[in-house]
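Naming: A, B, ... by sequence-line order, numbering from 1 per chain.
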Amino acid sequence: MAVMTQEQTPAVGSAAPDRGKGTVVLRGVTKRFEGTTAVDHVDLTVPGGSYVVLLGPSGCGKTTLLRMLGGHATIDEGEFLLDGVRTNDIPPARRDISTVFQHYGLFPHKSVRDNVEFGLKMRGLPRDARRRRADDALEFLDLTPMADRRPSQLSGGQQQRVALARALVTEPTVLLLDEPLGDLDRLLQLRMRVELRALQRRLRITFIHVTHNQEEALAIADQIVVMQDGRIQQVGRPRDVYRRPANLFTSGFMGDNNVVAGQVSAIDDGHVRVEGDGLTLLARHDATGVAVGQNLHASVRASCVSAEPAIGSGDTTSPERPNQVTATLIFLEYLGDIVKLHCRLPNGQAIVAKRAETDRTWDSLVEGEPVRLEWKTEDVQLLLA
Amino acid sequence: MSTNTSSDKSSNEIHVEPEQTAVTRRDFIKGSAALGAAAVGAHAGTTALGASPLVGAGAKRSAFPAPAFLQGTTLRVVGTGVTLLDPIKAQAEQDLGITLQYDVKDGLTAQQIAVTQPQSWDVYDQWFNSVKIVWGAGVAQPVDVTRLPEWENLSPLTKVGKINDEAKVGAGDAPVRLLYVQPDGSLGSDPTEQVSMLPLTFNVDAFGYQSDVVGSDDARSWAIFYDPDYRGRVGLYNDPATGLMDLALGAEAAGLATFADIGNMTRDEIDAILNLLIEQKQAGQFRAFWNSFDESVNLMASGEVVVESMWSPAVTALRTRGVPVVYASPQEGYRGWHGGIMINEQASGATLDAVYEYIDWWMNGWAGALVARQGYYFSIPENAREHLSEAEWDYWYGGQPAAEDMLAPDGGVVAEQGEVRDGGSYETRMSNIAVWNSVMDEHQYLVSKWNEFLSA
Amino acid sequence: MSSSSSPEAVATARPARPASESRLRLAAGSAWALLLAFPLAWLLAFLIIPVVVVLVVSFFEPTLSGFNRVFTLENYLLLAESDAFIRTLGNTILNALITTVVTFLLGFWVAYYLALVVPDLRRKFALFIIALAPFFTSFLIRAIAWIPMMGREGLLNTALLNLGITSQPLDFLLFSDFAVRVAMIQLYLLFMVSPIFFSLSAIDPAILEAARDSGAGWWAILREILLPLARPGIVIGAVFVFVLSMGEFATVRLIGGGKTSSVGLGIQNFVTYIQFPQAAAAASVLVLVTVAGVVVLFRYGRVAEGL
C-alpha cells in the first residue's frame, strides 16, 4: 500500500520522462501566518521535466507553497533547492522560475506584445532582441494575430495563453501555474488541460500546477501531490492515488469511494477481515501494522462495486459472504457514460455503485427493490490514517 | 459702524425661538400683568436671555400697550447684529404682540439680500450708506413721518445735518442728504413728510491700537495707517464705502493726498488714493484686511496687527480678553455712521401697520437705551434717557467718569467705576464728524478700483 | 365551450400581441426617459440655466443697484483693459496649477500608502477617516485655526524663534500667496488622494506580483504599472483640484488676508457690492478658462480610453 508520510521524502519520479534541469527539492519547508501554519514541514522532490499537480481543497497550503517556490512568499523554515542550489532568498526575477498567476495578472494597460516583452525589458534586453523573442513566444502560442490588442479584448483562453507566453518568454526551467484553468468555462478547461500537457511535453521543463479539481489533476499530472492542512497527504501517479488512496482524507477527496469504519476481526491466509457498519470486508494483507481488534477504515471505489437484482427478493437477512451485501436501490442516476446506483443498507449505511452504461446488468434493476452488491478482495483498501 | 455684523456666535447663543417663546411670554404677560414690571423683567431675563437685558431698566420698562389688531402679525427683519439684538426682539414682541423674525447678516450681505430678495423681508434695518443702493433698486417705500408722533423729537443731527450750529456737518453721505423723499422720487435734504430710512442708531468710528506698542502721539491721527513704524502691522476694513474713508482721512492727514470733497471723490481722486494704497500695500504696509467683526478681533488678539480700522465693540471685546487696546479719537475727526429702518415696497395692510408700530416702538427709546449700553447713540436721546439710569446717561452720553460699573446688555462689565468714555461726551464726539460712510457718485468705479487694490 | 370560440379568440389575440409588445416597449422607453430625465433636469437646473443666466447678465449694463437690461460689451472690455484682472487671472491659474501639481505629488504617496502598504481593509478605512477628519469641522474654523498656527505669534514662528532658526517672525507664513497655496493644498489634498486611492486599490495584486516575477523593481513597478493604472484616478483628482482651486475665494480671503486675490474673490466682491454684470463677466471668463483646463486634462489624461 502506497502510504506516504512526511517522514519518508516522497520522490516523484517513476513516470518522469526526462531528468534534467528544473529539479525542485523541498526539505522541511514551513510557512506560518499569525497563529496558523499554512505549510507544515513539507518534504518533496520534483524531478526536472515532470508535470506535477498540487491538489487539495482551498486553504490546504498548496498556493502558499507555490508562492514560496516563486519567491512571492518567504520560506520561514526549511530549504528549497533548485537544481541543487539553495534558492530560499533569491529574488523572484533571478530564479529560473516563472509564474502564471491566478486570474493571470496581465497588465491591462499594455498590449499583448508588451505584456510578453515585459520580463525581457526588465532584464535589460535591447529592444530588437526582446521583440524577436516575444514574437517567437507569441507565435509558439498562436497569439501572433492578437499581438497588438489589449488583454481585455481577448477571450479567456487567449488571455491564459498570453499569461503563458509572458511566463515562458524568459525561458524558465520551472513554470508555476496557480489554478490556471479556474477562469475558463468547462469546455475550454477540457481543451486547455490537454494543451497544457502537450506544451509541457514540448518544452521539457518542470510544470508545477495548483488546482482543487481532482479530475483536472488526474487528467494532466505525471505525479499528483495531495495536500491537506499544510501537509502532504499522498504523492503518486494519478492511477495510484486514484486506486489506492493512502488515507481517509485522500479517499474522501478523490471522490466516489465507499468508506466504511470498522474493526479488524481476523487476519489469515494473507487476508484481513474487517467488520463494521453492517458489512464484512475482506482485503489483501499487504500492509504492515495491521492487528486484530484494530479500528480502521476500509474503502471501496464505487466503480468496483457490481450490482444485480437480489435473488429471493425481500430476503435481506440471509447470511452473506464477505465483500457482498444486499441493499435497497434508492435512486438510479443515469449519467450517459455511466450509471450511478445509490443504495442503502437496512442500517442506513449508504453505498454507491458505478457501472458503465454498456454493462447492461443494471438494466433490470428497479428503484425500491433489493439489490445485491459485490466487490473483489483486491479492490478493498485499508486506510490506516 | 459697529458690532457683530456676521451672524455671530454671540447672537446665536442667546437666540430666542420666535414662535414658542413669543407665545408663552405673551401668555405669561396676560396672566400676570398685575405682578408688575420687575417680575416681567426677571422672567424675560431668565427664560430667554440668560443675563438680563433689563439691567438698570427694571422699573422703566416700555409702557407700550399691545394693540390687539397686531396680534399674530409677523415681521421679517433683515439687518445687522448692531441692532438686531435678541433683547430688543423679545421686548418688542412682548410689547407689540407681534412675531419678529430677525435675519442677522453682515452689512454688505444684508444689503445684497435687500436688493436681490425683496420678497424675503418687510423691514430693512441697516445703515444710511446703503440707502442709495437699496432705494435705487426700488424695493423700498417711503416712511410717512406723519404716522410717527415721535418724529418731532428726532435729533437735528439727521433732520438738519448737525447737532448744533457749531458742529461740522461731515463730508459724504450725511443722513440728511439722503433722508427726505423729494417730489420727483429722488432723495435730498429739503424736508418733506416722507423719508427713505427712519434714522435710529448711530455712532462714530475710528481705529484701535495696542497701547503697549503704539505711542499715543502717533495714535492722534488717521495718518498712522501710513506710518512706517507700523509697517506690516496695520489692519484694514475691506469695504470701499467705509474702509476707504479711513484711509482717505489718513492720506490727507499725512499730506499724501487731497480731496475737494472727501465724501464724494472724483475719478482722478479715486485713482490717486488707490494708486497710493496699492503702492503702500506692495511695500508691505498693510498686514491684513478683515470682513467680519470676529476677524477684526482675531487679528488684533493674535498680534498680527497693532493698528486696525475697527468698531468700538471690537475694542471692548479685546479689552475683556486682556488685550491693551485703545480706541483712538483722531484729531481730523471721526468717520460717522447712522443706522435706521426702511420699509419694503410691498408691505401693506396689517404688515405695514405693524411696521409703523415697530418703528414707533423703537423711537420710544427702550431699544435706544439698550444700544446705548453697547456704546451707540440714539436719534432721540431724551427718549433713551428715560430708560437709562442717571449713571448710565452720564457715562455714555455725558462723557463723565462712570459713577458705578457699567454693564453691557449681556450683563458683563464694560467700564469700571471711574472710567471715562474714549472721546468724551456725545456733543464733543458728534460735533467732530469728518466724513460719513458714503456711496459716492463714482461708487461703481471705486468698487472696481478697490477690487484691483485687493488683488494688487 | 372554449374549443368552439377559440378561432375568434386566436383571431383577436393575434393583433393584440404586437400591440402589448409595443406597449411594453413603450413602457420600457418611458422608464428610460424617466431615468434620463432626472439627471437631465438636474443638469439643466443646476448647470446649464445658471451658466446661461450668468452669460446673459454679463452683457447687461451695470447700475448702482444692479443692472439695466441693455446690451453692452463694456464689462468685458473693462476686464480686458484691467491689468489687475489679467494679473489676478494669471495668479489664479498659477495657484490652481501649483495646487494641482503639489496635491498630486503629495497625494499620490498618501494614496499609495493607503492602498498598497496598509495591509488590512479596516486599518485602511480607519486611516482614510482620519485623513477626512479636518472636513468634519467647518471651513471657517479650519481657516481661522491657521492664525494660531502660522501667524506672527503662532506656533510655527514661536518654534522657529525659540530654536534660534529665525530672529524675526516670518510674515509670509500667513496672509501671503505662499500661505494661500499651502492652505489650498491642505484643503484639496483629499480630493486628489481619494480617486488615486480607488484607482490603486482596484489593481489586482496579481498584476504587481506578475511584475515582480518578471523582474520589475520598485521604480519599474511605479513607472510601468502603478502610474499608468492610476492615471484615471490622477486625472479625475487633478480635475477636482484644478476646478476647485480655480473657483477658490474663501481661502484666498481668509488666509490671503487681502494680500492676494483670485478671480473668485473678485467675483464675490463684485456680488457683495451688487455689481452683478461685472461679476458675471468675470465668472464667464473664469468658467471658460476652467473648462479649457479640464479639456486639456482629459485630453492629456486620455480618461475616455478607460486605462
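Within the 4.5 angstrom heavy-atom criterion, only side-chain atoms of B:Thr116, from C-beta onward, approach chain C. In this structure, chain C has no heavy atom under 4.5 Å from any part of B:Thr109. B:Trp450 touches chain C through its side chain: at least one heavy atom from C-beta onward sits under 4.5 Å away, while N, CA, C and O do not. Contacts of C:Leu64 with chain B are made by both backbone and side-chain atoms, with heavy-atom separations under 4.5 Å. Contact annotation for B:Leu236: neither backbone nor side-chain heavy atoms come within less than 4.5 Å of a heavy atom of chain C. Interface remark: C:Pro62 contributes backbone and side-chain atoms alike to the contact with chain B (heavy atom separation under 4.5 Å). With a 4.5 angstrom heavy-atom cutoff, B:Val139 does not touch chain C via any of its atoms. Only the side chain of B:Glu295 comes within less than 4.5 Å of a heavy atom of chain C; its backbone N, CA, C and O stay farther away. Both the backbone and the side chain of C:Glu153 have a heavy atom closer than 4.5 Å to some heavy atom of chain B.
With respect to chain B, the highest number of heavy-atom pairs below 4.5 Å among C:Thr63, C:Leu78, C:Asn91 belongs to C:Thr63. With chain B as partner, the option from C:Leu265, C:Asp83, C:Leu174, C:Thr88 having the largest number of non-hydrogen pairs under 4.5 angstrom is C:Leu174.
The residues B:Asp103 and B:Lys105 are annotated as salt-bridged, a charged nitrogen and a carboxylate oxygen being separated by less than 4.0 angstrom.
Checked against C:Phe67 for a ring-ring contact (aromatic ring centres under 6.0 Å, His included), the options C:Phe270, C:Phe60, C:Phe59 give a single hit: C:Phe60.
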Item to check | Verdict with reasoning, B:Thr242 to B:Asp239, per side chain to side chain donor-acceptor pair (under 3.5 Å) | outcome: CA-CA 6 Å; B:Thr242 55; B:Asp239 178 11; 3.0 Å; yes
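No hydrogens or angles considered: a donor-acceptor pair under 3.5 Å links the side chains of B:Asn291 and B:Asn238.
Centroid-to-centroid, the aromatic rings of C:Phe242 and C:Phe191 stay 6.0 Å apart or farther.
Aromatic ring pairs are classed by plane angle as parallel below 30°, tilted from 30° to 60° and perpendicular above 60°; the pair B:Trp311 and B:Tyr237 is perpendicular. The aromatic rings of B:Phe286 and B:Phe289 lie perpendicular to each other, with more than 60° between the two planes, well past the 30° mark.
Partners of C:Leu163 under the side chain to side chain contact (heavy atoms under 4.5 Å, CB included) rule, at least two apart in sequence or in another chain, are C:Ile165.
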